[in-house]
Amino acid sequence: MAITDLRDFLQTLEDENELLRIKDPIDRKFEISGYIKNCSDIAGPALLFENVKNSSVPVLGALYNNRRLMLKALQTTEESAIPDYLEALNNLSEPILVESGPCKEVLHVGEKASLDELPLPIFSELDSGAYITCGVAISKDIEDGTKNASIYRFEQQAPRQLGVYSPLPHHLGIHNQKAEAAGQALEVAIAIGVSPGVQISTQWEAAYGVDELTLAGALQGKELEVVKCETVDLEVPAIAEVIIEGIMHPDKRQMEGPFGEYTGYYTPRYEKPSMEVTAITHRHDPILQVALTGIPPTDNHVLKMIPMEASCHAFLRQKFPGVQKVHFHTSGGVGLLGVVSIKQCFKHEARNVLGTMMSAQGTKIIIAVDEDIDIFDLDHVMWAVCTRTQADKDLMVFPRTASFQLDPSKPDIGTNTAMAIDACKPYGEDFDEVVAIPGIDKLPDILKLWKK
Ligand SMILES: Cc1cc2nc3c(=O)[nH]c(=O)nc-3n(C[C@H](O)[C@H](O)[C@H](O)COP(=O)(O)O)c2cc1C
Ligand SMILES: [Mn+2]
């Protein structure tokens, strides 16, 4: 079944007891984020805050707080997640332009548009203000018209002004850099409350010039329909809860931040581009979707996981037939810690895989394990590290490599020392036998027995 509307996904979750409605009055300052944090820490359900103080707009959070919910959003299983995602990448389709859609039910243009209509949360203690954290920002290259769609944070700076954080080489940053060089304003539209397929498509690390929304149709199971914006020359998903349109004026800078980021640390306050809101359109009764960002695990981490794993898996498999599974753990903010399982086909295959993974994704800590290890279970992974490695031969250090910008331990911006651990048994050599209990997989599920 296709899921083209976020509301259909919420209904599915509710039917499966995966949606919790919070009816108590909730403060948008720290309470929404606090609930989401507690819920994420126990891999809980999605949360719908129906009674946000001083607002009639309900807030949806924790929608992607764990992998179980992400698999439901992709309508897949753990075994099929990566093949299904790669299959979708082979079935890209241009969105279809339609006349109108639910995002146009209410229109506020110009002075009438106000961000104060939305109960934007304040997430973490030192955050400079309220943020949009789950909006899909759509913009175009002013020279060749190629499109981009990705998630970036937006700080509410005034009723009609947003701070924009899209550092280079992220594509909105490039769009804005090009527009500024030409002395032009850049048009931007932010879509909030879109289908899971649209949301997840934005985390595809598509090359510059490739529109991420061409993946949304295959992910949601039906072509994506888009409508024209009111005040900018852009197209946005027709089924969305809220659309914010605006322009980034060239060379306009405003202080932005601090903001608690996905590494679990604050990023500093400094001058960044900002966007003037020119219109807000929404459903009659919009739901505001938010994503927590901060100490893992959060929606921010889980959203990136499967797209990164699929790209990495496809890349490694081109060269290394022994690669089985790849997983980026939330504890590494997803980008900093990767585990790969390998059924080695030749001596030292694991080591070449590790080096390739370090260079392909800029991963800081990478661990290779044999195929008998459950790469999703860090306890099991560390058992392999403890019992199958010797530091003098299995630890590889790659000093000063290009890596993630926000790692607080970095010596300077974009630099990191990467570390790889070959926790595979040596290829072709005898190794002590792993303890096993015959028939264990045929015994009843203890959790089910216990709950009865
Ligand atoms: C919830 C969430 C929030 C994000 N916030 C930002 C952000 O504020 N700035 C940013 O540059 N990337 C942010 N990202 C990461 C980008 O969306 C991601 O790296 C994307 O692939 C970049 O796309 P691009 O290459 O088209 O720029 C966020 C991701 C998620 C899931
Ligand atoms: Mn892009």
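Note that the coordinates shown come from a computational prediction; the quantities given were computed from them, not determined experimentally. Whatever order the structure lists them in is the order used to number ligands and atoms, beginning at 1.
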Flag side-chain contact, heavy atom, 4.5 Å: F259 against Y266:
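Not touching, per the 4.5 Å side-chain cut-off.
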Regarding K178 and E143, does a basic nitrogen lie under 4.0 Å from an acidic carboxylate oxygen?
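Salt bridge present between K178 and E143.
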Salt bridge flag under 4.0 Å for residues R67 and E309:
yes
Contact check: [X] vs ligand 1, nitrogen or oxygen atoms, below 3.5 angstrom:
| X | answer |
| --- | --- |
| H170 | yes |
| Y152 | yes |
| E261 | no |

Under 3.5 Å, is there a donor-acceptor pair linking the side chains of R400 and T417?
yes
Could you tell me if any non-hydrogen atom of E212 lies under 4.0 Å from any atom of ligand 1?
yes
So, 2.8 Å as the limit: is an N/O/S atom of H170 located closer than that to the Mn ion (ligand 2)?
no
Hey, is the Mn ion (ligand 2) within less than 2.8 Å of some N/O/S atom on Y208?
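So Y208 does not count as coordinating the Mn ion (ligand 2).
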Partner of L63 by side-chain contact (heavy atoms from CB on, under 4.5 Å), out of L13, I36, L19, V302:
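Between L63 and the candidates, side-chain contact (heavy atoms from CB on, under 4.5 Å) is satisfied uniquely by L13.
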Give a rough value, rounded to 10 degrees, for the angle at the Mn ion (ligand 2) between atoms OD1 of N148 and OE2 of E212.
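Roughly 100°, rounded to 10°.
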